[in-house]
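Take a look at the structure set out below.
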Amino acid sequence: MACVNPDGKPSESGVKMLGALKSGRASADDIAAASGMPLFRVRSGLRELAEAGYVAGSDGSYSLTEQGRALV
Amino acid sequence: MEGQMEQAVSMPKLGEKAPDFEAPTTFGVLKLSDFKGSWVIMFSHPADFTPVCTTEFMAFAQIQPELKKRGVELLGLSVDSITSHIAWARNIQEKTGVKINFPIIADLNKEVSAKFGMVHPGQSKTETVRAVFIIDPNQVIRLILYYPLSTGRNMDEILRVVDALQIADANKVATPANWRPGDKVIVPPPQTQEMAEERMKAGFECVDWYFCKKKL
């Protein structure tokens with residue numbers, strides 16, 4: 001996976017995305033703008049981070065879970 | 001052979017929504033719908049670690065900055081594995097200095113290739129031909145190229161047609177043969193008799209009522 005390593009820990013790009021959520025809920029577009037990553041990478045990365053329990057998403061916006069907050 | 005299921009092969013057409021898929025790539029698992037909002041050039045190559053394909057990958061990487069300026073992402077595909085793709089990209093960078101910085105789909109089960117008609121048995125029963133799909137931000141297929149195994153693609157043409165499609169969309173015009181950015185564009189022909197009468201007085205450069213150009 002691109003944003004979550006096989007051991008379940010976020011990769012460098014995953015941590016970058018989590019960092020973009022530090023100040024609160026954001027959409028994939030906001031995270032792409034803040035992180036400088038292409039939107040397609042952010043969308044797929046958020047899916048992986050959500051599966052791994054680091055972010056939670058609803059209605060097109062995302063926020064850090066407690067697990068995600070512990071890393072940023 | 002008995003017990004072997006055949007993949008349904010489709011040949012997508014211009015103007016149709018590109019079939020969505022989810023596939024393993026060198027940038028993680030991606031869906032085509034992840035690219036919604038951007039233009040994307042999805043292209044296939046026959047095999048990793050082969051010479052023509054290597055020149056093409058280097059050439060795509062070299063036009064990537066120009067594509068990014070135009071809001072276009074690249075997405076490669078072959079039926080090789082992720083491990084092969086990673087090894088090949090690293091080999092290209094080591095031997096030539098060219099970094100491959102776009103995702104490459106590992107289409108081992110040919111699921112994506114079948115959706116996009118990328119395997120042409122007359123060329124190869126196992127490898128994809130050199131296909132190019134230019135897909136717009138609404139995920140509509142706007143241009144298709146199929147090149148044979150023997151012939152590497154031309155990046156000037158790929159950039160040229162991206163410009164042509166984007167200019168056409170932005171200005172509701174068409175582009176003539178051999179058009180290059182900065183050249184005059186074609187004004188769409190009138191669709192009624194009344195408009196045909198008005199066309200000749202509209203100040204365009206006209207050969208006849210149906211054939212007019214203008215400068216943008």
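Below, read A as the first sequence line, B as the second, and so on, with proteins coming before strands; counting in each chain starts at 1.
- Classified by interplanar angle (parallel below 30°, tilted 30° to 60°, perpendicular above 60°), the ring pair B:His85/B:His45 is tilted.
- Stacking of A:Arg41 on the aromatic ring of B:Phe27 is recorded, both the 6.0 Å distance cut-off and the 45° axial limit being met.
- Within the 4.5 angstrom heavy-atom criterion, no atom of B:Thr26 approaches chain A.
- Using a cutoff of 4.0 Å between basic side-chain nitrogens and carboxylate oxygens, B:Asp163 and B:Arg180 are not scored as salt-bridged.
- At a heavy-atom cut-off of under 4.5 Å, chain B is reached by no residue from residues 16-35 of chain A.
- In this structure the side chain of B:Phe116 never reaches within 4.5 angstrom of the side chain of B:Ser44, judged on heavy atoms.
- A 4.5 Å side-chain heavy-atom check between B:Ile100 and B:Gln93 finds every atom pair outside the cut-off.
- There is no side-chain donor-acceptor pair under 3.5 Å between A:Asn5 and A:Ser11.
- If you measure heavy-atom distances from B:Lys36 to chain A, the contacts under 4.5 Å come from both the backbone and the side chain.
- Checked against a 6.0 Å centroid threshold, the rings of A:Phe40 and B:Phe102 do not count as neighbours.
- Using a 4.5 Å cut-off between heavy atoms, B:Pro24 makes no contact with chain A at all.
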